[in-house]
Amino acid sequence: MEIAVKRYGDKTLLSLAPGASGYLDLSNMESVRKALEEQLTKGESKIVLDVSNISYIDSAAIGLLVEFYNKLFYKQGTMALLGVSPKVM
């Protein structure tokens, strides 16, 4: 999984590029975990995940997203998803 990180004002955008599979699942979610942990360590509190290239998210990856949403919430931060496909919803 390739992850591009860009800052826009007080927000950090992480663009997820899973490759040909289009999946965010157990097989590649550790790279997302590491990227999110890195942003928290830097003190980032407003994170946007661009998932427009994701066509499938398994339950393990949903758990990861909820975990980091909660971590940010308890630090008075936010996390949002950008470009969610209706198929993923």
Side-chain angles (χ1 to χ4, degrees):
M1 168 90 58
E2 291 184 32
I3 302 170
V5 180
K6 293 183 183 175
R7 293 266 309 151
Y8 293 96
D10 63 346
K11 295 173 188 66
T12 302
L13 175 68
L14 279 72
S15 298
L16 308 182
S21 74
Y23 287 12
L24 174 55
D25 58 16
L26 188 60
S27 71
N28 62 7
M29 72 180 215
E30 280 308 308
S31 57
V32 177
R33 179 187 304 280
K34 287 178 185 176
L36 288 168
E37 283 288 355
E38 194 174 289
Q39 297 310 309
L40 288 179
T41 300
K42 290 180 179 179
E44 301 298 339
S45 62
K46 295 180 181 176
I47 296 176
V48 178
L49 289 177
D50 178 359
V51 295
S52 58
N53 293 317
I54 305 292
S55 61
Y56 174 80
I57 301 176
D58 75 358
S59 60
I62 289 171
L64 173 71
L65 298 179
V66 170
E67 172 190 341
F68 277 91
Y69 174 85
N70 287 332
K71 285 182 179 184
L72 285 160
F73 178 80
Y74 290 117
K75 293 182 177 192
Q76 279 69 49
T78 59
M79 184 171 81
L81 301 178
L82 175 69
V84 180
S85 155
K87 186 176 177 182
V88 170
M89 295 283 291

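Here the CE atom belonging to Met29 is positioned 8.0 Å from the CG atom belonging to Leu24, to the nearest 0.5 angstrom. Atom OG of Ser15 sits about 11.5 Å away from atom CD of Glu2, to the nearest 0.5 Å. The distance from atom CD1 of Ile54 to atom OG of Ser85, rounded to the nearest 0.5 Å, is 10.5 Å. Taking OG of Ser45 as the reference point, atom CG of Asp10 lies at 7.0 Å (rounded to 0.5 Å). Between the CD atom of Glu30 and the CE atom of Met1 there is a distance of 11.5 Å, given to the nearest 0.5 Å. We find the CD-CD1 distance between Glu67 and Ile62 to be 14.0 Å, quoted to the nearest 0.5 Å.
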Can Lys6 and Thr12 be said to form a side-chain contact (heavy atoms from CB on, under 4.5 Å), step by step? CA-CA 6 Å; Lys6 293 183 183 175; Thr12 302; over 6 Å; no
Using the rule given for side-chain contact (heavy atoms from CB on, under 4.5 Å), can you reason through Asn53 versus Leu16, listing the C-alpha separation, both sets of side-chain angles and the distance that settles it, and then say yes or no? CA-CA 7 Å; Asn53 293 317; Leu16 308 182; over 6 Å; no
Starting from the C-alpha separation in whole Å, work towards a yes-or-no answer on side-chain contact (heavy atoms from CB on, under 4.5 Å) for Leu14 and Gln39. CA-CA 10 Å; Leu14 279 72; Gln39 297 310 309; 4.0 Å; yes
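When the side chains of ILVMFWY residues are joined at heavy-atom separations under 4.5 Å, either directly or via intervening members, Leu82 and Ile57 end up in two distinct hydrophobic clusters. Put simply, Val66 and Leu49 are part of the same group of oily side chains (I, L, V, M, F, W, Y) that touch within less than 4.5 Å, one to the next. The hydrophobic cluster containing Tyr8 does not contain Ile47, counting ILVMFWY residues as joined when their side-chain heavy atoms lie under 4.5 angstrom apart, directly or transitively. In this structure, Val32 is not a member of the same hydrophobic cluster as Tyr23, with clusters built from ILVMFWY side-chain heavy atoms closer than 4.5 Å.
Taking 4.5 Å as the limit, every side-chain heavy atom of Leu36 sits out of range of all side-chain heavy atoms of Leu40. Contact annotation: the side chain of Leu13 never approaches that of Val5 to less than 4.5 Å [non-hydrogen atoms, C-beta and beyond]. Between Leu72 and Thr78, every side-chain heavy-atom pair lies at or beyond the 4.5 Å cut-off.
Cation-pi geometry between Lys71 and Phe68 is met: the NZ or CZ atom falls under 6.0 Å from the ring centre, inside 45° of the normal.
For Ser55 (side chain) and Gly22 (main-chain N/O), a donor-acceptor pair under 3.5 Å exists by modelled atom type. Judged by distance alone, the side chain of Asn28 and the main-chain N or O of Asp25 form a donor-acceptor pair under 3.5 Å. For Asp50 (side chain) and Leu81 (main-chain N/O), no donor-acceptor pair under 3.5 Å exists by modelled atom type. Without hydrogens or angle criteria, Arg33 side chain to Ala35 main chain gives no donor-acceptor distance under 3.5 Å.
The existence of a salt bridge linking Lys34 and Glu37 is excluded, since no basic side-chain nitrogen approaches an acidic carboxylate oxygen closer than 4.0 Å. Salt bridge absent: Lys11 and Glu44 never bring a charged side-chain N and a carboxylate O closer than 4.0 Å.
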